[in-house]
Protein chains: 2
Amino acid sequence: MPAYRYPRLVLRHAHDESSGGSGVATAAPAQAAFSPLYRQIKTLLVQSLDRGEWKPGEAIPSELELASRFQVSQGTVRKAIDELAAENMLVRRQGKGTFVSTHNEARVRYRFLRLAPDEGGEPAPASSRVLDCRRLRAPQEVARVLDLRAGESVVQIRRLLAFGDVPTVLDDIWLSGALFRGLTLERLVRNELPLYAFFETAFGVSMLRADEKLRAVPANPEAAAILEVPEHTPLLHVDRLSYTYGGRPVEMRRGLYRTDRHHYRTSVN
Amino acid sequence: MPAYRYPRLVLRHAHDESSGGSGVATAAPAQAAFSPLYRQIKTLLVQSLDRGEWKPGEAIPSELELASRFQVSQGTVRKAIDELAAENMLVRRQGKGTFVSTHNEARVRYRFLRLAPDEGGEPAPASSRVLDCRRLRAPQEVARVLDLRAGESVVQIRRLLAFGDVPTVLDDIWLSGALFRGLTLERLVRNELPLYAFFETAFGVSMLRADEKLRAVPANPEAAAILEVPEHTPLLHVDRLSYTYGGRPVEMRRGLYRTDRHHYRTSVN
DNA sequence: TAGTGGTCTAGACCACGTT
DNA sequence: ACGTGGTCTAGACCACTAG
């Protein structure tokens with residue numbers, strides 16, 4: 001028996017619902033927009049994930065179990081899960097079950113780091129050094145893209161990623177202060193995990209997707225010093241906006257990448 | 001009755017095939033690798049597309065028709081088509097049919113041009129000017145990535161893309177000479193279509209997918225002159241390898257992008 | 001009205017992983 | 001042996017497009 005009571009699904013076709021009547025005789029509200037059963041189920045599953053009903057790394061209930069919960073056939077649940085798996089929110093494992101995606105897995109560690117070494121091969125193990133972490137009132141642009149009220153509190157992090165001995169990525173990161181209550185420089189420095197794994201574990205915020213805008217810019221004096229390149233060296237400037245469940249933006253990030261030994265890889269479909 | 005005789009599908013499970021025996025009593029060859037019916041069908045469909053049995057823009061046969069051709073249920077054909085649609089090789093249109101993707105459509109014109117104006121809005125209509133087109137023996141790197149024999153003939157194109165009056169993208173493009181027989185500067189200059197639409201229409205080569213590697217580099221004297229920026233201005237350097245049906249590489253492209261008014265947009269999942 | 005893709009069901013069986 | 005996801009079928013009906 002599930003802890004959460006799912007809303008009744010709205011069928012598209014006019015089945016005679018008199019059988020199994022539960023005594024609830026609500027006046028049917030004007031249903032503005034129908035959507036297929038499997039999409040309604042998908043929405044409910046995302047809400048459960050957002051609510052933390054199943055945590056990253058855990059299994060969700062089996063298809064048969066969900067089918068009986070929602071009173072639909074297995075195939076319909078299956079189609080909902082198919083879409084969530086295609087969006088990397090769930091991971092199917094034949095014979096074992098369907099699991100909530102997590103950043104705490106070696107396989108997926110570099111999903112959001114698009115920088116690869118020029119020689120090919122795996123992204124060299126990166127070492128991360130947090131340079132700064134402070135709380136401030138959200139600058140106008142940050143408030144706008146993170147959908148915060150003007151002047152709301154945000155956390156700003158500056159960190160440096162190095163491959164081997166070569167400092168390569170300088171990131172400035174802005175997070176909603178409300179979501180990341182209790183995030184301090186000390187905790188960041190003590191943390192061993194990749195950032196997104198840390199955010200997931202320590203604050204229950206899962207990064208699912210991000211949009212990025214890339215530019216080539218000259219290194220300013222500060223960045224040049226930190227990245228150990230001559231001033232005006234061309235750097236890759238990466239603006240990232242990351243989203244969690246429901247497409248809510250939760251992180252803004254501005255990165256400067258050295259691309260003398262690495263490149264940013266992407267794919268066009 | 002189809003012009004092409006499809007190979008027999010290999011079922012995974014051991015149905016008794018004696019009914020409907022066609023008199024062909026071949027000794028069953030050792031089947032090394034099974035794959036689900038819908039994947040075998042997917043492979044056959046890709047082969048048909050590659051062979052040009054259905055041209056870009058045209059409809060493929062209906063699901064029911066294909067089901068009867070392949071002697072499987074509609075659902076199985078459907079799943080094959082689903083995957084091809086997810087890969088942008090086919091486009092479904094409810095009530096009308098399923099169509100072969102084409103670059104000759106306003107909606108999809110900018111699928112491969114990831115550059116967007118900073119102000120937002122649609123990518124401004126770009127004007128393309130072909131600066132050069134010549135045939136030469138493939139340089140080593142080109143031969144390697146295009147999977148050509150050393151010294152085989154290739155076509156090299158240089159072209160400039162401008163937004164409004166601002167020259168913005170300088171591309172060097174290499175194509176297999178064999179595939180693009182008869183491609184000349186004159187035909188390129190006369191052509192009005194976007195390049196990929198032209199390639200599709202005039203040479204039957206469909207670009208389906210591409211991998212890109214991005215770097216920030218300083219403008220060399222030549223690029224600086226053409227793009228009308230000071231020497232050493234940071235430019236986005238984009239290495240592209242494009243693939244057609246069956247994952248065969250057919251175009252190598254090296255671009256230099258001005259990013260003072262535009263940015264390269266991408267998405268991380 | 002006919003034809004196409006889209007949704008949904010119920011049931012059978014296969015493949016994989018664990019017990 | 002059992003439970004999980006994966007494949008396949010046959011059939012019903014819905015939604016959209018066009019003649």
Side-chain angles (χ1 to χ4, degrees), chain A residues 8-17 19-20 31 33-45 54 57-86 89-101, chain B residues 8-17 19-20 31-45 54 58-86 89-101:
Chain A
R8 226 179 235 90
L9 301 183
V10 181
L11 291 192
R12 192 207 283 308
H13 37 250
H15 271 311
D16 180 14
E17 298 273 46
S19 74
Q31 287 297 342
F34 284 92
S35 77
L37 271 181
Y38 75 88
R39 280 204 181 279
Q40 301 179 47
I41 289 168
K42 184 182 171 189
T43 301
L44 293 176
L45 292 176
W54 313 301
E58 290 178 7
I60 70 171
S62 77
E63 295 179 351
L64 246 26
E65 157 90 31
L66 289 170
S68 93
R69 258 191 223 188
F70 293 128
Q71 293 290 102
V72 299
S73 76
Q74 186 194 7
T76 300
V77 168
R78 203 173 162 67
K79 185 145 185 183
I81 294 180
D82 276 343
E83 294 202 352
L84 294 173
M89 278 170 82
L90 296 176
V91 177
R92 319 187 83 133
R93 295 198 197 120
Q94 192 178 49
K96 302 186 67 175
T98 300
F99 298 79
V100 183
S101 294
Chain B
R8 227 180 235 89
L9 300 183
V10 181
L11 290 192
R12 191 206 286 305
H13 37 248
H15 271 311
D16 181 14
E17 298 273 45
S19 73
Q31 287 297 343
F34 286 92
S35 76
L37 272 181
Y38 76 87
R39 278 202 183 281
Q40 301 179 48
I41 289 169
K42 184 183 172 189
T43 300
L44 293 176
L45 292 176
W54 314 299
E58 291 178 8
I60 71 171
S62 75
E63 295 178 350
L64 246 26
E65 156 90 31
L66 289 170
S68 92
R69 254 190 226 189
F70 293 127
Q71 294 289 102
V72 298
S73 75
Q74 186 194 7
T76 300
V77 168
R78 204 174 160 69
K79 185 145 187 184
I81 294 180
D82 276 344
E83 294 202 352
L84 294 173
M89 279 171 75
L90 297 176
V91 177
R92 318 187 83 134
R93 296 200 195 118
Q94 192 178 46
K96 302 184 69 174
T98 301
F99 298 79
V100 183
S101 294

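Values below: all heavy atoms of this structure, side chains included; hydrogens, waters and symmetry mates excluded. Lettering of chains follows the sequences in order, A, B, ..., and the numbering in each one begins at 1. From a predicted model like this one, the values you see are computed outputs, not experimental measurements.
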query: CD of A:Gln40 versus C1' of C:dC8: gap in Å, rounded?
result: 13 Å
N/O to N/O distances under 3.5 Å, protein versus nucleotides 3-5 of chain D:
| unit_1 | atom_1 | unit_2 | atom_2 | d |
| --- | --- | --- | --- | --- |
| D:dG3 | N2 | A:Gly95 | O | 3.0 |
| D:dT4 | O2 | A:Gly95 | N | 3.3 |
| D:dG5 | OP1 | A:Thr98 | OG1 | 3.4 |
| D:dG5 | OP2 | A:Glu63 | N | 3.0 |
| D:dG5 | N2 | A:Gln94 | NE2 | 3.3 |

task: Send over the distance from A:Leu66 CG to C:dT9 P, rounded to a whole Å.
output: 14 Å
task: Return the value, rounded to whole Å, for the distance between atom CD of B:Gln71 and atom P of D:dC8.
output: 15 Å
task: Applying side-chain contact (heavy atoms from CB on, under 4.5 Å), name anything that partners A:Glu58, two or more places apart in sequence or on another chain.
output: A:Trp54, A:Lys55
- line: Here DNA chain D, pairs taken as Watson-Crick or G-U under 3.5 Å and shown with ( ), [ ] when crossing and | when to another strand, reads ||||||||||||||||||.
query: Looking at residues at least two apart in the chain, or sitting in another chain, which of them share a salt bridge (charged side-chain N to carboxylate O under 4.0 Å, His left out) with A:Lys42?
result: A:Glu83, A:Glu87
field: N/O (side chain, B:Thr76) to phosphate O (OP1/OP2, D:dT7) under 4.0 Å
entry: no
Value in whole Å for how far the P atom of C:dG6 lies from CG of B:Leu90: 11 Å
query: How close or far is atom P of C:dG5 from atom CZ of B:Phe99, stated in whole angstroms?
result: 9 Å
query: Expressed in angstrom and rounded to an integer, what is the separation of B:Lys79 atom NZ from C:dG5 atom P?
result: 19 Å
- request: Write down the atom of B:Tyr38, the atom of B:Thr76, and the distance for their closest heavy-atom approach.
  value: CB-O, 3.5 Å
query: Looking at A:Tyr38, does any N or O in its side chain come under 4.0 Å of the phosphate oxygens OP1/OP2 on C:dT7?
result: yes
All side-chain contact (heavy atoms from CB on, under 4.5 Å) counterparts of A:Ser62, not counting sequence neighbours: A:Leu64, A:Glu65
- prompt: Can you list the residues that meet the side-chain contact (heavy atoms from CB on, under 4.5 Å) rule with B:Thr98, with sequence neighbours excluded?
  reply: B:Ile60, B:Ile81, B:Leu90, B:Arg92
query: Does A:Gln74 reach the main-chain N or O of A:Ala67 with its side chain, forming a donor-acceptor pair under 3.5 Å?
result: no
field: Gap between atoms CG and P, on A:Leu37 and D:dC14 respectively (whole Å)
entry: 13 Å
